[in-house]
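Notes follow the structure.
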Amino acid sequence: MERTCLAIILAAGDSTRMKSSKSKVLHAVANRPMIAHVVDAVAKSDTSSVALVVGRDADDVAKAAQVGSVKIETYLQKERLGTGHAVLAARDAIARGYDDIIVTYGDVPLQTEGPLKAARQGLADGSDVVVIGFHTDKPTGYGRLLVKDGELIAIREEREATDAERAVNWCNSGLMAINGRKALDLLSRIGNANAKGEYYLTDLVEIARSVGGRVTAVDAPEIEMTGCNNRAELAMIERLWQERRRDEMMISGVTMIAPETVFLSYDTAIAQDALIEPNVVFGPGATIDSGAIIHAFSHIEGAHVSAGAIVGPFARLRPGADLAKGSKVGNFCEVKNGTIGEGAKVNHLTYIGDAKVGAGANIGAGTITCNYDGVNKHETLIGANTFIGSSSSLVAPVSIGDNAYVAAGSVITADVPADALALGRARQELKPGRASVLRARALAIKAAKKANA
Ligand code: UD1
Ligand code: MG
C-alpha cells in the first residue's frame with residue numbers, strides 16, 4: 001500500500017546574513033529561484049501534499065514556488081521563533097493525518113529526491129524520526145549528529161555543543177522525516193530553553209526517544225545538502241550546480257571543450273553530439289539539437305538550434321530565435337523572434353528581429369531588419385533562396401519574395417516580388433580624373449598653412 005506523505009518546506013527565515021532586499025530563497029541558482037529547485041526535488045519524492053511555510057516576502061516566495069503542476073498550500077509563520085515553531089505553522093496540514101511527514105529547507109537548492117526518499121524508507125522500516133545527515137570537513141555552524149549503537153541520540157547545535165561534540169563531522173542537513181501519526185504530539189513538546197531562545201526542530205530527536213520512539217539517520221552527499229546563508233555560499237552553490245549539470249550533459253554525449261567556462265540554465269537542453277565551445281552562456285529556454293555547434297563566446301536564451309546548425313563565435317540568440325537544420329548564424333549577429341530557414345546563412349554583423357528568413361537565403365554582412373518604429377514592432381519576411389546584399393536595411397513591415405536579389409547598401413522600404421532585383425540606393429556617378437584634382441587642391445591648402453605658421 002502507498003504511504004501518504006506531506007512535505008513541509010521551511011522558507012520563512014529573515015535571510016539576515018544574505019544582506020538582501022529580498023528573501024534568500026528568491027535568489028536564483030541557474031536562473032531559477034532557489035525555492036523552485038527545492039519544490040522540484042520534493043515533487044519527485046512522491047509526496048501527496050506540499051506545505052510551504054513563508055514569512056518574509058510571503059507572496060513572492062509563494063509565487064516563485066509554483067512550478068509545474070505541484071499543488072502547494074502556503075502557511076504564514078508570523079513570528080520567526082525557530083525551525084520547530086516554523087514546522088508547526090503547517091499544523092492544519094499535519095492534522096489531516098499522513099503516514100509520512102518530510103521537512104525540508106527552502107535554502108538547500110541542490111537537494112534531490114534521493115535523500116528524501118531514503119528518509120521515508122526509514123519511516124517505513126519503523127523509525128519515528130529519520131534525520132538526513134552529511135559528512136563534511138567544515139562542520140562549523142551545523143548541528144552535529146550524535147550516534148550510539150546505530151541510533152541517533154541527539155542533534156547538538158553548534159552553540160550548545162561541547163568541544164568533543166564539535167569535533168564530530170557528521171552534520172544535520174536540517175532535512176528530516178517524521179512519523180505523520182505522531183508528529184503533532186512530538187512537535188508540540190519542543191521548548192525554547194536553549195542558547196538562542198528558539199524552538200529547535202532538532203530537539204525532536206531527544207523528544208522522540210524520551211517517549212520510547214526510534215530515531216535513525218541516513219547519510220546524503222555533502223553537495224546536495226549545502227545550505228545557502230550568504231552570497232559567498234550562493235556563488236558556491238551556483239558553481240556546484242553548474243558542475244553537476246555539465247557532468248550530466250557530457251556523460252549523456254554533449255562535447256564541451258572547456259566545461260568550466262560554459263554556463264547553463266536550469267532548463268537548458270542539449271542533445272547528444274552537440275559541440276559547445278568555451279565561454280558560452282545559456283539563459284533560460286535554450287534547446288540545442290544533435291550535432292549543432294555553438295562556437296565560443298555565444299549567448300543563447302529562449303532559442304532553438306536545430307541539428308547541424310552552427311552558431312557564433314560571438315553570436316547572440318534571443319527569445320524566439322529558431323534556427324532550422326544546417327543554418328548558420330555567425331560572428332556578431334543577433335537574432336530575436338526570428339526563424340532562420342534550413343541552410344540559410346546569416347554570417348556577419350547582422351540583426352534579424354521579428355523576421356522570417358527562408359531556406360537557403362544568404363543574408364549579407366551588416367544587414368539590419370529595422371523592426372521598430374519607436375512605438376511598435378513590425379515583421380520582415382525574407383523568402384527562400386533570396387540574396388540580400390551587404391549592408392542593407394530592410395524597413396519593416398516589408399517582404400522579399402523567393403529568389404529575389406537585394407543590391408548591397410539598399411534601404412528597402414517597399415515589398416520586393418519573387419525573382420526581382422531591388423536597388424534601394426543612389427545611382428553611382430563617375431567623374432574621370434576628378435580624384436587628382438581634389439588631391440592637388442588638398443595638398444596646396446596644407447602647404448599654405450605650413451608656410452604661414
Ligand atoms: C539549522 C539546524 C541545524 C542544521 C542547519 C542546516 C535547527 C535548530 N538547526 O540551523 O542543526 O545543521 O539548519 O543548514 O534547526 N526557518 C523558518 N522559520 C524560522 C527559522 C528558520 O522558516 O523561524 C527556515 C529558514 O528559512 C531556513 C531554515 O528554516 O530555510 C533553516 O533556518 P536557519 O536559520 O538557516 O537554521 P540554521 O541556523 O542554519
Ligand atoms: Mg541555515
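What you see is a predicted model; the values in this text were computed from it and never measured. Read the numbers this way: they start at 1 and go in the same order the structure lists the ligands and their atoms.
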Strictly under 4.0 Å, does any heavy atom of Ser173 approach an atom of ligand 1? yes
With side chain to side chain contact (heavy atoms under 4.5 Å, CB included) as the criterion, how do Leu123 and Asp99 come out once you've worked through the C-alpha distance, each side chain's angles and the decisive distance to 0.1 Å? CA-CA 9 Å; Leu123 295 182; Asp99 298 316; over 6 Å; no
Just to check, does Gln77 reach to within less than 4.0 Å of ligand 1 when the distance is taken from its heavy atoms? yes
Note, Ile72 side chain near Gln66 side chain (heavy atom, < 4.5 Å): yes
How are the rings of His135 and Trp170 set relative to one another: parallel (under 30°), tilted (30 to 60°) or perpendicular (over 60°)? parallel
List the closest protein heavy-atom neighbour of atom 7 (C) of ligand 1: residue, atom name, distance to the nearest 0.1 Å. Thr83 OG1, 3.5 Å
May I ask whether Gly55 places a heavy atom under 4.0 Å from ligand 1? no
Below 3.5 angstrom, do we get any N/O pair linking Ile155 and ligand 1? no
Any idea which protein heavy atom is nearest atom 20 (C) of ligand 1, and the distance to it? Gly82 C, 3.7 Å
Identify the protein heavy atom lying closest to atom 12 (O) of ligand 1, giving its residue, its atom name and the separation to 0.1 Å. Asn172 O, 2.6 Å
If the cut-off is 4.0 Å to any non-hydrogen atom of Arg80, which atoms of ligand 1 fall inside it? 18 (N), 19 (C), 23 (O)
Between ligand 1 and Gly143, is the shortest N or O to N or O distance under 3.5 Å? yes
Less than 3.5 Å between some nitrogen or oxygen of Val53 and one of ligand 1, yes or no? no
heavy-atom search around atom 24 (C) of ligand 1 in the protein gives Leu10 CB, 3.8 Å
Glu157 heavy atoms, cut-off 4.0 Å: which ligand 1 atoms fall inside? 2 (C), 3 (C), 7 (C), 8 (C), 9 (N), 11 (O)
Would you please determine whether Gly13 falls within less than 4.0 Å of ligand 1 on a heavy-atom basis? yes
Residue among Asp289, Ile293, Leu317, Ile340 satisfying side-chain contact (heavy atoms from CB on, under 4.5 Å) with Val305: Leu317
Looking only at non-hydrogen atoms, which of Glu158, Arg56, Arg17, Glu198 approaches atom 39 (O) of ligand 1 most closely? Arg17
If we only count N/O pairs under 3.5 Å, is Ala12 in contact with ligand 1? yes
Between Phe332 and Phe314, how do the two ring planes meet: parallel, tilted or perpendicular, split at 30° and 60°? parallel
Please determine whether the number of non-hydrogen atoms from other residues, nucleotides or ligands lying under 6.0 Å from atom NZ of Lys117 exceeds 12. yes
Close side-chain approach of Cys5 to Tyr98, heavy-atom, < 4.5 Å: no
Polar contacts were defined as any N/O atom of the residue lying under 3.5 Å from an N/O atom of the ligand; does this apply to Thr202 and ligand 1? no
With salt bridge (charged side-chain N to carboxylate O under 4.0 Å, His left out) as the test, would you mind laying out the steps for Arg246 and Glu260 before giving the verdict? CA-CA 8 Å; Arg246 289 187 295 238; Glu260 66 282 6; over 6 Å; no
Please work out, at 4.0 Å between heavy atoms, whether the side chain, the backbone, both, or neither of Asn229 comes within that distance of ligand 1. side chain
Applying side-chain contact (heavy atoms from CB on, under 4.5 Å) between Leu145 and each of Ile155, Val168, Asp219, report the one that passes. Ile155
Derivation and outcome, side chain to side chain contact (heavy atoms under 4.5 Å, CB included), residues Arg318 and Asn337: CA-CA 7 Å; Arg318 291 172 53 204; Asn337 185 29; over 6 Å; no
Which option wins on minimum heavy-atom distance to atom 13 (O) of ligand 1: Tyr75, Tyr105, Tyr142? Tyr105
Please determine whether the number of non-hydrogen atoms from other residues, nucleotides or ligands lying under 6.0 Å from atom NZ of Lys345 exceeds 12. no
Applying side chain to side chain contact (heavy atoms under 4.5 Å, CB included), run through Arg120 and Asp46 and close with a yes or a no. CA-CA 10 Å; Arg120 288 189 64 190; Asp46 302 330; 3.9 Å; yes
Strictly inside 4.0 angstrom of atom 30 (O) of ligand 1, do you find any protein heavy atom? yes
Quick check: Ala86 and ligand 1, any N/O pair under 3.5 Å apart? no
